[in-house]
There are 2 protein chains.
Amino acid sequence: MKRLGSRRPDDQARRAHADPAQEYRPDLRGCAFGFSAHGFRGSTVDQIAREANLSKPNLLYYFPSKEAIHQHLLSMLMDTWLAPLRAMREDGDPLDEILTYMRRKLEMSRDHPRESRLFANEILQGAPRILDMLETELKDLVDEKAGLIAGWMADGRLAPSDPHHLIFSIWSLTQHYADFDVQVHAVLGAGHDNPYPAAEAYLTTLFTRLLTP
Amino acid sequence: MKRLGSRRPDDQARRAHADPAQEYRPDLRGCAFGFSAHGFRGSTVDQIAREANLSKPNLLYYFPSKEAIHQHLLSMLMDTWLAPLRAMREDGDPLDEILTYMRRKLEMSRDHPRESRLFANEILQGAPRILDMLETELKDLVDEKAGLIAGWMADGRLAPSDPHHLIFSIWSLTQHYADFDVQVHAVLGAGHDNPYPAAEAYLTTLFTRLLTP
DNA sequence: CTCGCCTTTGACCAAAAGGTCAAAAGGAAT
DNA sequence: ATTCCTTTTGACCTTTTGGTCAAAGGCGAG
């Protein structure tokens, strides 16, 4: 339960406490679990500290409050989360670009379900801490990529449909396998430990049929 | 803040406190908000009581604990939630039956978003209180309807794809508009107050293209 | 070694929250 | 009106929890 030895990074300037722009912060990547499993109010600072191998006061030495910890995790997450969409290129094959995006998101659900749930929890609760980001950064990115897709459709390279809702559908379909994981397993029952291969096949068919002109 | 007058139902036998099989319980339907907005641990008994126009001790007179309140809401919800799937009939037109199911679920997202979020919250957190139901009642129903769909596909009346994942996709796509409501609005931006007409059109196209043989 | 600075923690605090209880308030039958 | 039963509530208790603090523990520079 207790850590041994110093956890300071080897070669990184650091100072804190009265410093608003801290340069070193403990890596909380492994601690998404608390918030993702119980939501913001459901997880306790003690718990998070334990997961991070820190004492509670020590954790609060690096972050001014529980809120700040949550926000930190969330914003760290956002970049990772948007990367696959950012990677959609105009000069690829349209269907391929979209299927690749879908597959990347599905992999993220499979490999980082807790992060997905952390995000889902925040949105479910009205996104109080990241609404700004959604309305600016996310909206801009989606608008851009939706424009790209609309272009492909206008050129007849994809069958026409609503690009924004297309993106929503990729999000919901892929994240479902992380966020509703328990339900998926309960319904599929024993003997279907890994639903992802079937999910990928299904989703590939789905989007191929939707988008093939 | 305070209620006036008696809240007893006019003509219903009732007794409680030491009675395990209470016949009267206050209607908490309007109180899904608390749990749906903040999750189980995020909402307080005081809050729920206030929403139900009861004092806290009075609420705890009808329900033995916060857990029991949550469970009550959840099980009340489950039936409503499954009704549309139950309504899928073998003797209809296959595509029509599925599109109708999808539309009903979408209407539920539009008209009862808080209930959808309450359910989503529970699943996100590992469904500790309803896992049983998922593994029995829900699984059985889904297996039955998946069989029905598989039959339609075998008969060539629908294009083949995985029936279980088809059902998952209907759930995720429709519930997305309730659960991730804030995100949908943030991304669509002002001037798109009501995303549902476009969502319905998009989803109709999606499933029509997937399933038309 | 010692000084000064950053880091870590045990002990503590105040507020919030789940739950209890005894007493008060209705209401119907007699 | 009295009695009996159910319903309602203010006050209270205990536990949990976010957050503080003063003191102790490194660690490098001189």
Which residues pass the ring-ring contact (aromatic ring centres under 6.0 Å, His included) test with H185(A), sequence neighbours left out?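 H185(A) satisfies ring-ring contact (aromatic ring centres under 6.0 Å, His included) with no residue once adjacent residues are dropped.
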
Can you list everything that forms a ring-ring contact (aromatic ring centres under 6.0 Å, His included) with F180(A)? Sequence neighbours excluded, please. H176(A)

Taking the side chain from K66(B) and the backbone from S43(B), do they hold a donor-acceptor pair closer than 3.5 Å?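 Side chain of K66(B) to backbone of S43(B): a pair is present.
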
Out of the candidates E97(B), R103(B), K105(B), only one should pair with Y101(B) under the side chain to side chain contact (heavy atoms under 4.5 Å, CB included) rule; please name it.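 With Y101(B) as partner, side chain to side chain contact (heavy atoms under 4.5 Å, CB included) holds for just one option, K105(B).
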
Would you indicate which nucleotide in [options] comes nearest to any side-chain atom of [X]?
X      : options                  : result
Y61(B) : dT7(D), dC6(C), dG18(D)  : dT7(D)
L60(B) : dT8(C), dG18(C), dG19(C) : dG19(C)
V45(B) : dG18(C), dG19(D), dT7(D) : dG18(C)
D46(A) : dT8(C), dT8(D), dG18(D)  : dG18(D)

Exercise answer: donor-acceptor pairs, residues 73-84 of chain B side-chain atoms, under 3.5 Å, sequence neighbours excluded:
{"unit_1": "S75(B)", "atom_1": "OG", "unit_2": "Q71(B)", "atom_2": "O", "d": "3.3"}
{"unit_1": "S75(B)", "atom_1": "OG", "unit_2": "H72(B)", "atom_2": "O", "d": "3.3"}

Test of understanding: with side-chain hydrogen bond (donor to acceptor under 3.5 Å, both in side chains), list the residues that count as partners of E90(B), not counting sequence neighbours.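 E90(B): no side-chain hydrogen bond (donor to acceptor under 3.5 Å, both in side chains) contacts found.
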
Round to a whole Å and report the spacing from [atom1] of [X] to [atom2] of [N].
X      : N       : atom1 : atom2 : answer
N53(B) : dT7(D)  : CG    : P     : 18 Å
Q47(A) : dT16(D) : CD    : C1'   : 12 Å
L54(B) : dG19(C) : CG    : P     : 16 Å
K66(B) : dA16(C) : NZ    : C1'   : 11 Å
N58(B) : dA22(C) : CG    : P     : 18 Å
R50(A) : dT16(D) : CZ    : C1'   : 13 Å
Y62(B) : dT9(D)  : OH    : C1'   : 13 Å

Is there a side-chain polar atom (N or O) of R41(A) under 4.0 Å from OP1 or OP2 of dA17(C)?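 Yes, because at least one side-chain N or O of R41(A) sits under 4.0 Å from OP1 or OP2 of dA17(C).
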
Divergence of helical axes at both termini of the helix from dC1(C)-dG30(D) to dT30(C)-dA1(D) - five pairs an end, 10° steps: 0°

Residues that A186(A) engages under side chain to side chain contact (heavy atoms under 4.5 Å, CB included), provided they are two or more places apart: L131(B), L134(B), E135(B)

Distances under 3.5 Å only, N/O to N/O: pair up the protein atoms with those of nucleotides 11-14 of chain C.
none

Would you mind writing out the side-chain donor-acceptor pairs for residues 187-195 of chain A within the sub-3.5 Å range, not counting sequence neighbours?
{"unit_1": "H192(A)", "atom_1": "ND1", "unit_2": "L188(A)", "atom_2": "O", "d": "3.4"}
{"unit_1": "N194(A)", "atom_1": "OD1", "unit_2": "Y196(A)", "atom_2": "N", "d": "3.0"}

Using the closest heavy atom to pick a nucleotide of DNA chain D for each, name whichever of E67(A) or L59(B) lands nearer the 5' end.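 Its nearest nucleotide lies further toward 5', so the answer is L59(B).
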
Holding to salt bridge (charged side-chain N to carboxylate O under 4.0 Å, His left out), I want the full list of residues that pass it with R129(B), two or more places apart in sequence or in another chain. E67(B), E122(B)

